[in-house]
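Since the structure comes first, as structure tokens, the remarks are kept for the end.
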Protein chains: 2
Amino acid sequence: MANSAEKYDVFQAIADPTRREVLRILTGKELPISKITSHFTMSRTAIAKHLHILSEAKLVSGRKVGREKLYQLQPEPLEELKQWLSFYEQFWNNKLSILKHVVESDGGSRIHVIKTEVEK
Amino acid sequence: MANSAEKYDVFQAIADPTRREVLRILTGKELPISKITSHFTMSRTAIAKHLHILSEAKLVSGRKVGREKLYQLQPEPLEELKQWLSFYEQFWNNKLSILKHVVESDGGSRIHVIKTEVEK
DNA sequence: ACAATATGAAACCATTTGGTTGTATATATT
DNA sequence: AATATATACAACCAAATGGTTTCATATTGT
């Protein structure tokens, strides 16, 4: 199923509720397929396929340890999603509210933002 | 195709590249189906279906004006996506990367960020 | 060595998806 | 009134998706 042509991107990978649930389950822990499967009613094979898709999208990585394959969350590709989102944020938010959030949630520093026009 | 049972959620709606492109085209403007279609090689019917899906996910709204149906971006449901994302942010997060997007996605201005430490 | 466990992989299947074409209907335009 | 335009809707289709079952293989544990 996993073709080298990277058939699945992040957008497709997270479109499926089962796969989102798998990601949630993997937050923090590194788990073998069987343990992940135990959270669902569907078969191990089905979950393995979902893991392949998530793996293609680089949202998880698997390492084989003994007879188990341990899967781990790899959240970096979500950055792409975040960037995509940020483009639309200005339409329901105000761009500066993003900055506001950063400032407010920043524990140990103060952030100053100066916006200046740039000539054509 | 469009069942009242809301078959499509935001995650599924944005999974398709054509639909993401439609959203991008609709940023700012309100456009009739035919105008939207002119950006693609596929048929108007195909685009109409995509618009139905986007409509189910409440990412666009359409109003009929004369013989045209004008569609408009409705970005609010993307908030759900943002919230979903925020849960995973802590796992790769470098807070300043948020600022980086703001800077990079800003067309006509330059943003300077000065971060200074604050005494405990 | 043998049985149990964990995964991999192939074959198969029903449904969904993403597209098409064809026809009908409503609204402008001349 | 007749024609052109814009959309709606139904039927159809191939390919993708999300699942299953079955069998093979590698690794433990006794």
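These numbers come from the heavy atoms of this one structure, side chains and all, not from hydrogens, waters or symmetry mates. These figures come from a predicted structure and were not determined experimentally.
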[X] side-chain N/O to [N] phosphate OP1/OP2 under 4.0 Å:
X: B/Lys69; N: D/dA8; value: yes
X: A/Arg67; N: D/dT25; value: no
X: B/Tyr8; N: C/dT17; value: yes
X: B/Gln12; N: C/dT17; value: yes
X: B/His50; N: C/dT17; value: no

Non-hydrogen side-chain atoms of B/Val10 and B/Trp84 separated by less than 4.5 Å = no
Are any of the side-chain heavy atoms of B/Tyr71 and B/Val22 separated by less than 4.5 Å?
-> no
Integer-rounded Å distance: [N] [atom2] and [X] [atom1]:
X: A/Lys49; N: D/dA16; atom1: NZ; atom2: P; result: 14 Å
X: B/Arg63; N: D/dA8; atom1: CZ; atom2: P; result: 14 Å
X: A/His52; N: D/dG18; atom1: NE2; atom2: C1'; result: 15 Å
X: A/Lys64; N: C/dT5; atom1: NZ; atom2: P; result: 18 Å
X: A/Asp16; N: C/dT15; atom1: CG; atom2: P; result: 18 Å
X: A/Arg19; N: D/dT17; atom1: CZ; atom2: P; result: 8 Å
X: A/Glu21; N: D/dG19; atom1: CD; atom2: C1'; result: 18 Å
X: A/Leu51; N: C/dA6; atom1: CG; atom2: P; result: 16 Å

Here the pair of heavy atoms bringing A/Pro77 nearest to A/Ala57 is CG-O, 3.5 Å
Judged by nearest nucleotide, the residue sitting upstream toward the 5' end of DNA chain D, B/Ala48 or A/Glu68, is B/Ala48
Mind checking what makes side chain to side chain donor-acceptor pair (under 3.5 Å) contact with B/Gln74, not counting sequence neighbours?
-> B/Ser61
Under 6.0 Å from the six-membered ring centre of A/Phe11 and within 45° of its axis: does the NZ or CZ of B/Arg20 meet both?
-> yes
Among residues 33-46 of chain A, which residues get a heavy atom nearer than 4.0 Å to DNA chain D?
-> A/Met42, A/Ser43, A/Thr45, A/Ala46
Side-chain donor or acceptor of B/Arg19 paired with backbone N/O of B/Ala13 under 3.5 Å | yes
Would you say the side-chain atoms of A/Glu56 pair up with the backbone N or O of A/Lys7, donor to acceptor, closer than 3.5 Å?
-> yes
